[in-house]
Amino acid sequence: MTAPLPPGSTIGIIGGGQLGRMLAMAAARLGYRTVILEPQPECPAAQLANRQLAAAYDDPAALDELAAVCDVVTYEFENVPVEAAVRLVSRVPVFPPPPALDVAQDRVTEKRFLNASGISTARFRAVDSDADLAAALAVFGGDGVLKTRRMGYDGKGQRLFRGAGPGDASGAFAAMGQVPLILEAFVPFEREISIIAARDRTGAIVAYDPTENVHRGGILHSSTVPARLRADTALAARTAAAAILDALDYVGVIGVEFFVLADGALLVNEIAPRVHNSGHWTEAACAISQFEQHIRAICGLPLGDPARHSDCVMENLIGDDVARVAELAGESGVVVHLYGKAEARPGRKMGHITRLKARRET
Ligand code: AMP
């Protein structure tokens, strides 16, 4: 067990988006400096960090410089090249540990890992041709969600099949870009939830209350706390998240997304080895946000209390939604957070709001 990093230490963050920005803000509150590795100039994170290394995520010279100037390195997205993390790890502590990237970057590897850890997922088949797809669709009764194994996010690279017959697979492999695919059985979920949890260097774990998530067009629209959940389902979600953290010997914050079935059973959809959009509400409704929790974990500080002081709903501001900011800011109980992105393109996450509701009595 190493001592906590003293104030003034430097945290490297790979990735310069809004998650990196919010991590840099939390780091600053705890007296740490931040360096962002991100090729795009003027990125959201670098606007608030001490320094940006403007280079590709796998640029060897930039990685060596990051290792030289930082006391610990973390990342804000799961598609960090694993070789980059491995190059760093011989020179500087990297949290979450790089094997978490390996697991999260490939939907088949991820599901195999989860199933081997005793955690249920949708049934699935690896698909590398139209013939594989036809066979898998037949096994799943013609219903399934075809996804790219790697680099998919916010519903991108996905195709839904309902009642598909033998001919429906024809041409699908080419249409998806001739990359490795996965067919997941269609899950008739009642709702979607997530757990944001953290594990520190000593193995201590804390988890925020489960969040109920609504997606629109594959993009998270809102996160509501408390989620409408049976107590035993909520406990099962926490237990699964803790099992995943322990299995990965994880340090930092993780997001675990679940499907809730009508009988209360849970299937894990995916894991995100980083702070997560469905945890943004914690900055407004908890004393210690997911961002501070992550910084505490990777810097060796004690984890904070994840209790929430308010019920709330977080809503993403996507594309032109950002034009409503002045109106939203005038509403009582609304906490606004914008990401400093210049251009409001369709589907682009520009910010979020958290609507704080009744104070909890207990
Ligand atoms: P993902 O990118 O895997 O998180 O998928 C985006 C969204 O698509 C999920 O949040 C679900 O709403 C929906 N979805 C993904 N996989 C499935 C599935 N196997 N069955 C039903 N809906 C799914």
Side-chain angles (χ1 to χ4, degrees), residues 17 19 77-79 100-101 103-115 119-127 132-133 136-164 168-169 172 176-177 179-196 210-224 227-229 237 240-241 244 254-263 265-281 314-316 318 347-349 352:
L19 300 180
F77 70 114
E78 60 271 39
N79 289 317
L101 289 173
V103 164
Q105 284 180 359
D106 182 319
R107 293 183 191 272
V108 169
T109 310
E110 182 177 54
K111 284 187 172 54
R112 287 189 183 135
F113 158 77
L114 289 165
N115 295 165
I119 292 164
S120 302
T121 62
R123 291 183 298 149
F124 66 97
R125 290 282 188 283
V127 168
D132 286 351
L133 176 60
L137 278 168
V139 173
F140 298 152
D143 294 339
V145 183
L146 185 65
K147 305 180 181 181
T148 54
R149 281 175 65 164
R150 305 180 71 88
M151 302 299 278
Y153 66 98
D154 284 349
K156 291 185 173 56
Q158 299 194 7
R159 179 166 164 192
L160 175 66
F161 289 87
R162 300 304 305 262
D168 291 314
M176 295 284 284
V179 293
L181 303 173
I182 179 174
L183 185 76
E184 298 178 10
F186 182 79
V187 178
F189 57 82
E190 197 173 70
R191 56 182 54 101
E192 294 184 84
I193 63 159
S194 57
I195 287 270
I196 307 298
T211 305
E212 182 166 338
N213 302 318
V214 174
H215 294 83
R216 286 189 184 164
I219 303 178
L220 183 68
H221 166 68
S222 66
S223 293
T224 301
R228 291 166 297 167
L229 273 189
I244 292 166
I254 198 168
V256 184
E257 297 181 32
F258 299 86
F259 298 124
V260 185
L261 307 185
D263 64 358
L266 290 171
L267 301 177
V268 169
N269 175 26
E270 60 184 359
I271 61 178
R274 52 170 169 78
V275 287
H276 194 257
N277 195 168
S278 69
H280 289 1
W281 61 272
M314 187 284 311
E315 293 171 21
N316 273 332
I318 312 245
R348 193 176 199 204
K349 291 175 179 168
H352 64 270

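For the single chain, residues carry numbers from 1 onward in sequence order. Just follow the structure's listing: the first ligand is 1, and inside any ligand the first atom is 1.
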Checking contacts here: is it the side chain or the backbone of N269 that comes within 4.0 Å of ligand 1, counting heavy atoms only? Could be both or neither.
side chain

I'd like to check W281 versus T224 (side-chain heavy atoms, cut-off strictly below 4.5 Å). Are they in contact?
no

For F186, atoms of ligand 1 separated by under 4.0 Å from a heavy atom
20 (N), 21 (C)

Any idea how F189 and F259 line up, ring-wise: parallel (<30°), tilted (30 to 60°), or perpendicular (>60°)?
parallel

Cation-aromatic face contact R123/F140, 6.0 Å, 45 degrees:
no

With heavy atoms only and a cut-off of under 4.0 Å, state how A185 meets ligand 1: side chain, backbone, both or neither.
backbone

Going by the closest heavy atom to atom 15 (C) of ligand 1, which one wins out of E257, E184, K147?
K147

Closest to atom 8 (O) of ligand 1 by heavy-atom distance, out of R107, R191, Q158, H215, is Q158

Below 4.0 angstrom from a heavy atom of E192, which ligand 1 atoms are there? Numbered from 1 as shown, please.
9 (C), 10 (O), 11 (C), 12 (O)

Using the side-chain contact (heavy atoms from CB on, under 4.5 Å) rule, take I193 and L266 through it: C-alpha gap first, then chi angles, then the decisive distance, then the call.
CA-CA 9 Å; I193 63 159; L266 290 171; 4.1 Å; yes

Can you find a pair of side-chain heavy atoms, one from K349 and one from I318, that are under 4.5 Å apart?
yes

Side chain, backbone, both or neither: which part of V145 comes within less than 4.0 Å of ligand 1 when only heavy atoms are counted?
side chain

Check whether any side-chain N or O of E110 sits under 3.5 Å from a backbone N or O of E270 as a donor-acceptor pair, and report yes or no.
no

